[in-house]
Number of protein chains: 2
Amino acid sequence: MMIISRIPEQVIILNRIDRPPTTTRPDEGLKSLVKVVRVLHVFSRTARALSLAEICQRTGYPRSTTHRLLSSMREAGLLDQDRNRDRYRLGLKLYELGNTVLANMDLHREARPYVEALGRLTGQVVHLAVFDGRHAVVIGKSESQIDATSGAFLESAPAHCTSVGKAILAYQPDAVLDTFLAEGLARFTDTTITDPAVLRQELELTRSRGYSIDQAEHQPGLNCVAAPIRDLSGRVFAAVSVSGAAWKTPPSDVGRVAKIVIHHADAISRALGHGA
Amino acid sequence: MMIISRIPEQVIILNRIDRPPTTTRPDEGLKSLVKVVRVLHVFSRTARALSLAEICQRTGYPRSTTHRLLSSMREAGLLDQDRNRDRYRLGLKLYELGNTVLANMDLHREARPYVEALGRLTGQVVHLAVFDGRHAVVIGKSESQIDATSGAFLESAPAHCTSVGKAILAYQPDAVLDTFLAEGLARFTDTTITDPAVLRQELELTRSRGYSIDQAEHQPGLNCVAAPIRDLSGRVFAAVSVSGAAWKTPPSDVGRVAKIVIHHADAISRALGHGA
DNA sequence: CTAAATTGTCCCGTATACCGGGATTCTATT
DNA sequence: AATAGAATCCCGGTATACGGGACAATTTAG
């Protein structure tokens, strides 16, 4: 008995005419997928394992719905469940997918020549890093380019106390920055920025001049200058930096070095298709 | 034997007679989520960027459906799209989620004492690694335990030529192994196993004796012995190994060392809740 | 340069797959 | 053993996603 849908046939023709931009909402698409992603985002480094009730509370979804959702996600491998009746956590499959993302980045190939050139030009160590929401993960280095497809070293450091981290952070949407700040800013040296308000100012400054600096905020005696790299959709997702011992890099040099770093970073962005 | 549904209601019969016409299966849950995951799995290290048509072809879904699906996934951040009308690839958000999975693993905490004990007992270097579908990623080492929450080094090597890799691979479901083999086995030394059939045999052997060995298959002159680690659902997802210079470890020692490695690996599994 | 073929996007009625209140079962606590 | 609280299951009703097909934007062929 389906009496539900009975739409007047006359209206149909008119449909094509009215194409006012306001009526067509950005329509988030599949409703269930929105829910799934929402659930995934409930997990974080401080919320590693959550019960059904906790997930309900944080998402606002009804218990029954959430339960079905979680079961399906577990079945699909997006979530793992501690034993049979216990808490949920992010699934191992996500780790696998994440590593595939990293391995498939064009950044490895495209950035190599620029990273090496930058190393030769400055005579200092150059780092290439991507952002994972919390850390700046180093995927390339002058003199020892990393090849993610055949085994590699990966080094990572918190984003708030490294030049690459701040260069990326400065261009993230507010939501990302808020999430980042929510987990706290650990101190590493006596110059590490641990006050969220101060960091926001620092990022503002970084945006305004186009490059970031690290004054021994992670490792004592080590200064760095970094500039952001954009993917072909224009989003900042990586950065390059030049590092040097503090006593070897007088403040007067920073501006000069920064220009070179920015130039190379922009070249990498272009190689990735940004603005093409 | 199997009673599918215990609802012998006579009343309902009129309304929905056909209960088990097509779906007698354990009901995979949200249909759309199954599709989403299927699409995610179409991507791999050899299929980095795919067009709508290619994805349709590989999944078998109709164009229209796939298009809607891809749009929603892009909106959700699960996929990124090169420019506006171009290919799709796995989204950066997946990388972020993957790193969260790694950071949230109890393995870091729980395994540390056992890894260190194993290092003291054998006097050799001990590695703790997890599997990402392709590589064995080292997340812990005797003498220098890695803390994923505050910055770290990660070293990874292909699974087919390391003891940790083979220990994990030996216990993976067929589908995972097939995917792994499909991308080829790179040669590193003259003992590296590059023939899929030979590797399958080797894994069979590994299963039967409970530990794996690496006879200089990745680095010349370096032998290793590894044993699998299970999470609390019983799945093998990690392994520990002991490495030593080939000339220092006579074949007669392998059995003795393997026993110790297995013992510690099992202890870690238990600490994670396996069999509790 | 035009035409044909291919590929991406949009529309819409329909069928179905999901929603969520509430009953039921299971586990933890007193 | 009894109670409370959480997780799981059920089922009617309806919102939602499906997918054929039209249309638009490319690319390739002529």
Side-chain angles (χ1 to χ4, degrees), chain A residues 1-19 21 23-36 38-39 49-57 59-75 79 81-88, chain B residues 3-9 11-16 18-19 21-23 25-36 38-39 49-76 79 81-88:
Chain A
M1 302 281 252
M2 44 218 75
I3 355 167
I4 309 159
S5 51
R6 253 317 144 123
I7 298 177
E9 323 272 25
Q10 305 93 327
V11 189
I12 299 177
I13 300 178
L14 292 178
N15 258 349
R16 196 158 302 140
I17 304 174
D18 57 345
R19 204 73 167 78
T23 51
T24 51
R25 326 198 88 209
D27 201 280
E28 304 273 329
L30 292 202
K31 305 300 165 75
S32 45
L33 184 54
V34 174
K35 291 208 188 79
V36 165
R38 178 93 175 275
V39 167
L50 299 168
S51 69
L52 171 62
E54 287 170 318
I55 295 172
C56 285
Q57 188 184 349
T59 58
Y61 299 140
R63 272 203 286 288
S64 205
T65 302
T66 308
H67 179 260
R68 239 177 333 97
L69 211 54
L70 294 179
S71 295
S72 301
M73 290 173 71
R74 183 192 38 179
E75 210 62 39
L79 295 179
Q81 190 172 22
D82 298 1
R83 315 220 40 187
N84 216 11
R85 206 170 175 71
D86 221 340
R87 296 195 186 74
Y88 296 86
Chain B
I3 303 168
I4 303 173
S5 62
R6 24 174 199 178
I7 19 172
E9 316 278 9
V11 195
I12 310 178
I13 296 178
L14 286 180
N15 228 349
R16 43 190 65 180
D18 44 2
R19 244 307 188 211
T22 45
T23 58
R25 327 201 87 203
D27 197 280
E28 304 271 330
L30 292 203
K31 305 301 164 80
S32 45
L33 184 53
V34 174
K35 291 208 187 78
V36 166
R38 177 93 175 274
V39 168
L50 299 169
S51 69
L52 171 63
E54 288 170 318
I55 296 172
C56 285
Q57 188 182 347
R58 290 169 196 233
T59 58
Y61 299 139
R63 275 204 293 285
S64 203
T65 303
T66 308
H67 179 259
R68 238 178 335 96
L69 210 55
L70 293 178
S71 295
S72 301
M73 290 174 70
R74 182 192 42 187
E75 211 63 38
L79 294 180
Q81 189 172 19
D82 299 0
R83 320 217 42 184
N84 215 10
R85 203 177 174 66
D86 221 340
R87 295 195 186 74
Y88 296 86

Rounded distance in Å - [atom1] ([X]) to [atom2] ([N]):
X       : N      : atom1 : atom2 : answer
B:Gln81 : C:dT7  : CD    : P     : 16 Å
A:Arg87 : C:dA28 : CZ    : C1'   : 13 Å
A:Gln57 : D:dG5  : CD    : P     : 15 Å
A:Arg68 : D:dT16 : CZ    : P     : 13 Å
B:Leu70 : D:dG19 : CG    : C1'   : 15 Å
B:Glu75 : D:dA17 : CD    : P     : 14 Å
B:Leu33 : D:dA17 : CG    : P     : 13 Å
A:Lys31 : D:dC18 : NZ    : P     : 13 Å

If you pin B:Leu69 and A:Leu52 to their nearest nucleotides in DNA chain D, which one's is more 5'? A:Leu52

B:Lys35 vs D:dA17: side-chain N/O to OP1/OP2 distance below 4.0 Å: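 For D:dA17, OP1/OP2 do not have a side-chain N/O of B:Lys35 under 4.0 Å.
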
Under 4.0 angstrom between A:His67 side-chain N/O and D:dT8 OP1 or OP2: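 Result: yes.
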
On a heavy-atom basis, which atom in B:Ser32 and which in A:Ser32 lie closest, and how many Å separate them? OG-OG, 3.0 Å

Could you check which of C:dG20, C:dT7, D:dA7 has an atom nearest any side-chain atom of B:Ala53?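 Closest of the options to the side chain of B:Ala53: C:dT7.
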
Taking the side chain of B:Leu30 as its heavy atoms from C-beta onward, which of C:dG20, D:dG19, C:dC18 lies nearest to it?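 Nearest to the side-chain atoms of B:Leu30, counting from C-beta on, is C:dC18.
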
What's the spacing between B:Gln57 CD and B:Thr66 OG1 if we round to 0.5 Å?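 Nearest 0.5 Å value for the CD-OG1 distance: 11.5 Å.
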
CG/B:Leu70 to OG/B:Ser51 distance, rounded to the nearest 0.5 angstrom? 9.5 Å

Quick check: are there more than 12 heavy atoms from other residues, nucleotides or ligands sitting under 6.0 Å from CZ of B:Arg63?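 Not buried by this count: 12 neighbours or fewer within 6.0 Å.
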
Touch check for A:Arg63, heavy atoms < 4.0 angstrom, all strands: base, sugar-phosphate only, or nothing? nothing

Give one of base, sugar-phosphate or nothing for B:Ser32, where a contact means two heavy atoms less than 4.0 Å apart. sugar-phosphate

Would a 4.5 Å heavy-atom cut-off, applied to side chains only, mark B:Tyr88 and B:Met73 as touching? no

Report yes or no: is there a donor-acceptor pair, N or O only, under 3.5 Å between the side chain of B:Ser64 and the base of C:dC10?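 Donor-acceptor pair under 3.5 Å: yes.
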
Of A:Pro62 and B:Ser51, the one whose closest DNA chain C nucleotide lies more 5':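 Looking at DNA chain C, the more 5' nearest nucleotide goes with B:Ser51.
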
